[in-house]
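What follows is a set of notes on a single structure, which appears directly below.
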Amino acid sequence: MTVFRSVLDTAAPQFAVHRTAVLAALAQVDADCARAVAGGGEKAVARHRGRGKLTARERIELLIDADSPFLELSPLAAWGTEFAVGASVVTGLGVVEDVECVVVAHDPTVRGGASNPWTLRKTLRAMQIARENRLPLISLVESGGADLPTQKDIFIPGGQLFRDLTRLSAAGIPTVALVFGNATAGGAYVPGMSDHVVMVDGGAKVFLGGPPLVRMATGEVADEESLGGAAMHGRVSGLADHVAVDEVDAVRIGRRIVARLGWRKAGPAPQAAVPPRYDEEELLGVVGTDLSQPFDPREVLARVVDDSDLDEHKPRYGPSLVTAWARIHGHRVGVLANAQGVLFSAEAQKATQFIQLANASATPLVFLHNTTGYMVGAEYEQGGIIKHGAMMINAVSNSRVPHLSVLLGASYGAGHYGMCGRAYDPRFLFAWPTAKSAVMGPAQLAGVLSIVARAAAESRGTPFDEEGDAAMRAAVEAQIEAESVPRFLSGRVYDDGIIDPRDTRTVLGMCLSAIASGEVSGTPGYGVFRP
Ligand code: COA
């Protein structure tokens with residue numbers, strides 16, 4: 001029997017402290033998400049509805065199957081920037097006619113649905129998810145195109161959007177555009193580049209240049225309908241494959257298109273799922289806000305994996321990293337989870353072997369982060385910690401099985417890289433609300449700066465300003481703390497969302513199912529490992 005036996009004391013004061021802290025952090029995330037859901041605010045939503053239009057979220061709700069959940073991605077994009085939280089677009093995974101799809105829906109209530117730099121980043125990420133996981137893409141279009149005041153940040157990189165759209169098609173991944181409203185200039189290439197196009201009669205306006213621009217450019221006086229209405233595109237230009245009588249009809253036609261794709265998943269089918277033996281609710285009490293307190297990641301896994309059943313690999317070797325085989329919602333996975341925070345040479349070597357084994361058996365990997373990084377100090381440098389960390393990073397970089405990352409606690413330094421941080425292309429990456437990620441902890445970072453400044457003053461022979469140093473350290477600590485929290489990182493689209501710890505199993509299960517839309521295979525080879 002390999003079922004993990006939990007020793008989590010749910011009656012301990014510590015458990016209650018953690019639970020309270022996590023619930024408070026979740027309440028904050030909920031409040032931020034509510035800002036995204038509110039879109040452009042009451043007035044803009046009322047104006048939109050007054051035109052007989054549905055909101056982006058209502059369109060999605062109608063589009064996906066009645067019993068399908070919607071895994072919204074990057075809901076807090078643009079948090080902490082000058083732009084509205086959510087970045088004027090809603091993206092996520094939903095099931096349409098039994099087919100898992102990526103949905104990208106402009107929010108026309110936020111600055112006319114115009115794309116700012118964060119909209120672009122969020123949309124490109126959704127399209128990357130469609131490409132990597134072989135998921136059909138459905139665009140719900142109504143946008144004023146480029147956010148004109150910030151055009152310098154989106155015009156040139158924004159070309160990737162249309163390039164990626166047609167590359168999806170070339171890769172055999174269907175793309176469907178349902179056009180509800182404006183799709184001007186560059187925006188016109190979303191329907192232009194999609195395999196299937198539906199336009200709402202009286203709503204869709206798809207043109208390279210609207211009436212004012214055409215008049216400026218050529219002197220021609222033309223109205224919107226003749227330049228880009230659905231009736232014209234359906235009968236004359238041929239850009240519209242279907243003309244819908246209204247928004248609900250457009251969604252209905254979109255669903256019929258997906259139903260007729262004959263889509264088959266190419267990945268392995270899951271076994272029957274078995275629920276964990278321990279309550280997911282208890283995940284609220286495992287990790288608190290004090291990330292210097294270690295926790296046993298097996299207590300997390302016992303509430304995430306099927307039947308709480310873990311086959312540990314090398315349990316006695318490199319104990320600061322747990323490596324184990326398990327299933328989540330019936331999908332086979334290998335798990336790498338930090339136990340004591342620091343990664344030593346043994347842990348790095350163990351991880352390297354485990355990643356190779358996963359590639360040999362085409363098993364997706366799940367990385368659960370709680371690491372302060374690789375061990376420093378003379379003993380460890382002499383023992384080859386750089387070589388061993390590099391081996392692990394090599395294995396992660398060149399691994400070809402799908403990776404999923406969840407930041408449970410700390411994710412600092414090169415440990416973030418070795419554990420498949422954002423730059424290592426995990427198929428999905430989520431964070432718990434009390435996680436933190438940065439080059440190092442705030443106090444350590446401020447301390448390093450202080451030591452460097454002290455040494456510089458000494459070598460110049462100038463007196464060291466102790467008071468100024470204390471103020472600098474406090475300011476730097478506050479800055480790094482603010483930049484390490486999940487909503488800041490989510491704002492920059494460095495993760496795919498902050499999740500409620502209790503949803504970890506559900507979210508990972510949905511991602512593993514989506515991943516199985518594509519083939520799952522390991523790498524045929526690695527680069528040079530330095531032993
Ligand atoms: N960039 C920046 N802001 C934009 C924008 C854009 N491309 N398009 C619209 N907005 C802003 C408007 O200035 C307005 O801001 P305000 O609320 O502060 O006044 C808000 O979004 C709503 O626009 P509005 O025109 O009142 O809404 P609408 O629903 O009646 O019309 C559009 C929406 C998109 C049809 C219309 O705004 C439009 O034609 N925009 C320009 C489209 C264009 O030519 N884009 C070029 C792309 S390369």
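Source: prediction; values computed, not measured. As the structure lists them, so they are numbered: ligands from 1, and atoms in each ligand from 1. Heavy-atom basis, side chains included; hydrogens, waters and symmetry copies ignored.
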The atoms of ligand 1 lying under 4.0 Å from a heavy atom of A185, numbered in the order shown, are 47 (C), 48 (S)
Answer yes or no for atom 37 (O) of ligand 1: protein heavy atom present at a distance under 4.0 Å?
no
After noting the C-alpha distance and the side-chain angles of E247 and R59, does the key distance pass the salt bridge (Lys or Arg N to Asp or Glu O under 4.0 Å) rule?
CA-CA 8 Å; E247 298 206 359; R59 288 169 183 163; 2.9 Å; yes
Report yes if some N/O of G144 lies less than 3.5 Å from some N/O of ligand 1; otherwise report no.
yes
In terms of residue, atom name and distance, what is the protein heavy atom nearest to atom 9 (C) of ligand 1?
R111 O, 3.7 Å
How far is atom 33 (C) of ligand 1 from its nearest protein heavy atom, and which residue and atom name does that atom have?
G112 CA, 4.5 Å
Protein non-hydrogen atom below 4.0 angstrom of atom 48 (S) of ligand 1 present:
yes
Walk me through whether R487 and D495 qualify under salt bridge (Lys or Arg N to Asp or Glu O under 4.0 Å).
CA-CA 9 Å; R487 57 187 187 161; D495 61 31; over 6 Å; no
Under 4.0 Å from atom 18 (O) of ligand 1, is there any protein heavy atom?
no
Test item: protein heavy atom less than 4.0 Å from atom 23 (O) of ligand 1
no
Mind checking whether G186 has an N or O less than 3.5 Å away from an N or O of ligand 1?
no
Under the 4.0 Å line, does any protein heavy atom show up next to atom 40 (N) of ligand 1?
no
Ligand-residue contact atoms, ligand 1 with A114, heavy atoms, under 4.0 Å
1 (N), 5 (C), 6 (C), 7 (N)
Would you mind checking which non-hydrogen protein atom is closest to atom 26 (O) of ligand 1, with the distance to 0.1 Å?
R47 NH2, 3.1 Å
Evaluate the 4.0 Å heavy atom contact test for atom 14 (C) of ligand 1: does a protein atom fall under the cut-off?
no
Any N/O of P149 closer than 3.5 Å to an N/O of ligand 1?
no
Protein non-hydrogen atom found under 4.0 Å from atom 1 (N) of ligand 1
yes
Looking at F83, I'd like to know if its CZ atom is crowded, meaning that more than 12 non-hydrogen atoms belonging to other residues, nucleotides or ligands lie closer than 6.0 Å.
yes
In this structure, is the centre-to-centre distance between the rings of F367 and H403 below 6.0 Å?
yes
Heavy atoms of other groups near E61 CD, more than 12 under 6.0 Å:
no
Hey, could you give me the OG1/CH2 distance between T123 and W118, rounded to the nearest 0.5 Å?
13.0 Å
T289 OG1 to H18 NE2 distance, which is reported to the nearest 0.5 Å:
7.0 Å
Nearest 0.5 Å, please: how far is CH2 in W79 from CZ in R492?
11.0 Å
Distance flag for atom 29 (O) of ligand 1, protein heavy atom under 4.0 Å
yes
Contact partition for H106 relative to ligand 1, non-hydrogen atoms under 4.0 Å:
neither
Closest protein heavy atom to atom 35 (C) of ligand 1, given as residue, atom name and distance to 0.1 Å:
N182 ND2, 3.4 Å
I want to know if ligand 1 touches S143 in the polar sense, i.e. an N/O pair below 3.5 angstrom.
no
